[in-house]
Amino acid sequence: MRTRFAPSPTGPLHIGGVRSALFSWLLARHHGGKFILRIEDTDQKRFVEGSIDLITDALSWLGIDYDEGPGKDGGYGPYIQSERLPLYQKWAQWLIDNDKAYRCFCTPERLDQVNKEKEARKEPPGYDRFCRNLSQAEIEKNLAEGKPHVIRLKVPLEGQTTGQDLIRGEVVFDNNTLQDAVLLKSDGYPTYHLAHVIDDHFMEISHVTRANEWLPSLPLHLLLWEAFGWEKPYYAHLPVLLNPNGKGKLSKRHSGFSEDGKKVLVLAKEFKDAGYLPEAVVNFLTNIGWNFGDEREIFDIQEAIARFDISAVNPANSAFPIEKLDWMNGVYIREKLSSEELAKRLRPILENAGLEVNVDRLLKIMPLIRERIKSLNDIVDLAGFFFHETFKPPTAEMLIPKKMDKDGTRKLLEASHARYSVVSETEFLTTPLLTIGAGLVSDLGLNNSQVFGVLRVAVTGQSISTPTFETMEILGKDESLKRIQIAVDLLK
RNA sequence: GGCCCCAUCGUCUAGCGGUCAGGACAUCACCCUUUCAAGGUGAAUACACGAGUUCGAAUCUCGUUGGGGUCACCA
């Protein structure tokens with residue numbers, strides 16, 4: 001088995017592209033086959049410099065490795081279509097020689113005109129096949145005059161073309177609804193239709209998995225395979241990923257737009273930048289349109305490979321359930337990563353936020369933060385205070401809890417300072433600290449949340465944070481007392 | 001509009017003639033609790049509609065409606 005992912009280098013990789021790549025990859029890996037990356041850069045106008053790196057970077061971040069592709073020759077290269085031009089031209093000519101295709105000299109202007117007239121007559125748009133029956137003499141003449149032309153497929157005017165889709169079964173099309181599609185453009189580049197058939201043939205691709213939007217052109221491709229007399233691959237058209245609200249397909253133009261106040265992510269890189277783990281993204285994606293089999297949703301990629309079955313893919317399109325990714329990312333953070341691993345991934349994020357990371361301290365706070373963050377990026381807000389060079393004190397307002405006043409709060413802090421300052425440094429640990437806190441509660445006639453809350457704000461500078469006494473232990477006696485003192489002064 | 005695909009809780013899904021229609025996310029309530037989380041328990045919520053076929057339909061057929069895709073010298 002050989003499968004492929006064949007993106008166009010028109011910019012950063014889209015999450016829908018990732019999903020297609022992932023399913024093709026899963027299919028190949030399940031069967032112990034090969035997964036090939038092929039770059040379809042036959043549209044010079046849309047080519048974006050640097051796209052190929054963006055694509056391979058994204059795949060590598062996600063762990064979707066390819067066996068053959070640009071820079072990784074497997075004997076079927078080159079893997080970039082613009083480097084295969086002579087091949088397409090040769091076979092396009094072959095189609096003409098065998099009466100399966102014809103040269104079309106119609107200008108874009110004429111094509112426009114034809115469509116306008118058809119529209120006026122309320123007919124479906126499409127090429128009127130003006131050049132399909134040009135005489136040999138006319139063709140010679142046009143050629144001699146050097147008229148630019150394209151090569152079009154000569155589709156049968158009647159009958160039906162039946163395709164088999166691995167996901168939805170038989171799909172039937174009436175040939176009279178088909179177009180004489182352009183195979184080779186006037187600039188000598190092939191269109192997708194021609195290029196993918198030729199490449200999939202010579203690269204011996206056995207299973208073509210691609211997005212659902214290709215289904216309408218399946219009959220064209222089938223006709224092409226038949227014209228060449230080559231053995232067809234199996235086709236599987238993956239359901240489309242829709243916007244989170246279910247309206248329209250997820251596309252690049254929605255990227256970054258806010259929807260119901262929520263951010264819509266669509267580029268692979270945006271998921272990385274948002275603090276999602278690649279393992280979680282991959283796990284999440286495999287649960288859309290496919291399921292593990294029992295009721296498990298969290299599983300690692302090896303388990304997915306072992307069970308993957310392309311024919312079990314749900315043919316229905318699905319809205320992109322981004323909120324489920326948030327949950328799943330949290331599961332991975334709190335259950336799947338060791339402290340060392342988590343710290344390793346958190347470190348660059350803290351550093352990018354301009355904080356100076358003390359690795360020992362970072363490792364120490366892992367138990368305090370791992371159940372509190374859903375995105376790696378959450379670490380900055382939740383625990384950034386551990387790494388601030390200079391402590392950012394809270395405001396007096398944050399310090400004073402409801403049902404307490406300024407004086408009362410100050411007295412509480414002063415009492416705390418007094419009691420904690422007599423604790424030895426080696427005893428400055430969570431449990432004794434908590435005991436003292438509890439003593440404060442009963443002695444001052446306050447409740448837990450008042451005392452612990454005030455201490456939390458004083459020590460962390462924020463009202464939502466890691467647990468108070470654990471935090472104090474990690475901060476150490478000096479630092480903790482210093483911060484409590486700052487709070488006292490703030491309330492004077 | 002033509003053609004093609006699709007249709008189970010708000011969302012992702014299980015189900016492939018007989019189930020109290022299951023799970024997960026999200027939501028809500030309660031419990032736990034040093035904030036926030038996490039965790040625990042529980043609640044609410046779905047077979048788009050209409051005809052058939054059948055002893056029996058979420059499951060099969062047809063139609064309707066709805067949604068999506070596609071109609072380029074883009075992929």
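A, B, ... follow the sequence lines: proteins, then strands. Residue 1 opens every chain.
Among the atoms of the strands shown, none is found under 4.0 Å from any heavy atom of A:R296. In this structure, A:K122 reaches neither bases nor backbone, as no heavy-atom distance under 4.0 Å exists between it and the strands shown. Using a 4.0 Å heavy-atom criterion, one finds that A:T191 contacts the sugar-phosphate atoms exclusively. Residue contacts shown for A:Q462 are absent, as no nucleic acid heavy atom lies under 4.0 Å away. Across all strands shown, A:P219 has no heavy atoms under 4.0 Å from either base or sugar-phosphate atoms. Residue A:V451 is out of contact with every strand shown, counting any heavy-atom pair closer than 4.0 Å. If you check every strand for non-hydrogen atoms under 4.0 Å, A:E297 touches a base. As judged by a 4.0 angstrom heavy-atom cut-off over every strand, A:W290 is placed among residues making no nucleic acid contact. Counting non-hydrogen atoms under 4.0 angstrom, A:P467 reaches a base of the nucleic acid. Looking at heavy-atom distances under 4.0 Å, A:N314 makes contact with sugar-phosphate atoms alone, never a base. Residue-level contact check: A:P401 touches neither bases nor backbone, having no heavy atom under 4.0 Å from any strand. Base contact: A:T466 has a heavy atom under 4.0 Å from a base atom. Residue A:P321 is in sugar-phosphate contact alone, with no base atom involved, counting any heavy-atom pair closer than 4.0 Å across all strands shown. Nucleic acid contact class of A:R168 (heavy atoms, under 4.0 Å, all strands): sugar-phosphate only.
In this structure, A:I167 and A:D187 both approach RNA chain B, and ranking their closest nucleotides by distance from the 5' end singles out A:I167.
Using a cut-off of 4.0 Å between Lys/Arg side-chain N and Asp/Glu carboxylate O, A:R345 and A:E279 are scored as salt-bridged. Salt bridge annotation for A:E427-A:K477: absent, with no cationic side-chain nitrogen under 4.0 angstrom from a carboxylate oxygen. A salt bridge links A:R129 with A:D180: at least one charged nitrogen is closer than 4.0 Å to a carboxylate oxygen.
The shortest distance between the side-chain N/O atoms of A:K118 and the OP1/OP2 oxygens of B:G2 is not below 4.0 Å. Between A:K374 and B:A38 there is a side-chain polar atom (N or O) within less than 4.0 angstrom of OP1 or OP2. An OP1 or OP2 oxygen of B:C74 is reached within less than 4.0 angstrom by a side-chain nitrogen or oxygen of A:K45.
In a base pair of the Watson-Crick type (N1 to N3 plus N6-O4 or O6-N4) or a G-U wobble (N1-O2 and O6-N3), with each distance short of 3.5 Å, B:A57 is matched with no nucleotide. Judged by Watson-Crick or G-U wobble contacts below 3.5 Å, the nucleotide B:U70 has B:G2 as its partner. The pairing partner recorded for B:C28 is B:G42, the criterion being a Watson-Crick or G-U wobble arrangement whose two distances lie under 3.5 angstrom. Searching all strands for a Watson-Crick or G-U wobble partner of B:A48 with both distances below 3.5 Å returns B:U64.
Nucleotides B:G66 and B:C73 are separated by 36 Å at their C1' atoms, to the nearest Å.
Aromatic pair A:F23/A:H207: centroids not less than 6.0 angstrom apart.
The side-chain tip of A:R110 points at the ring of A:F130 from less than 6.0 angstrom away and within 45° of straight on.
Distance CZ/A:R370 to CG/A:L346: 10.0 Å, rounded to 0.5 Å.
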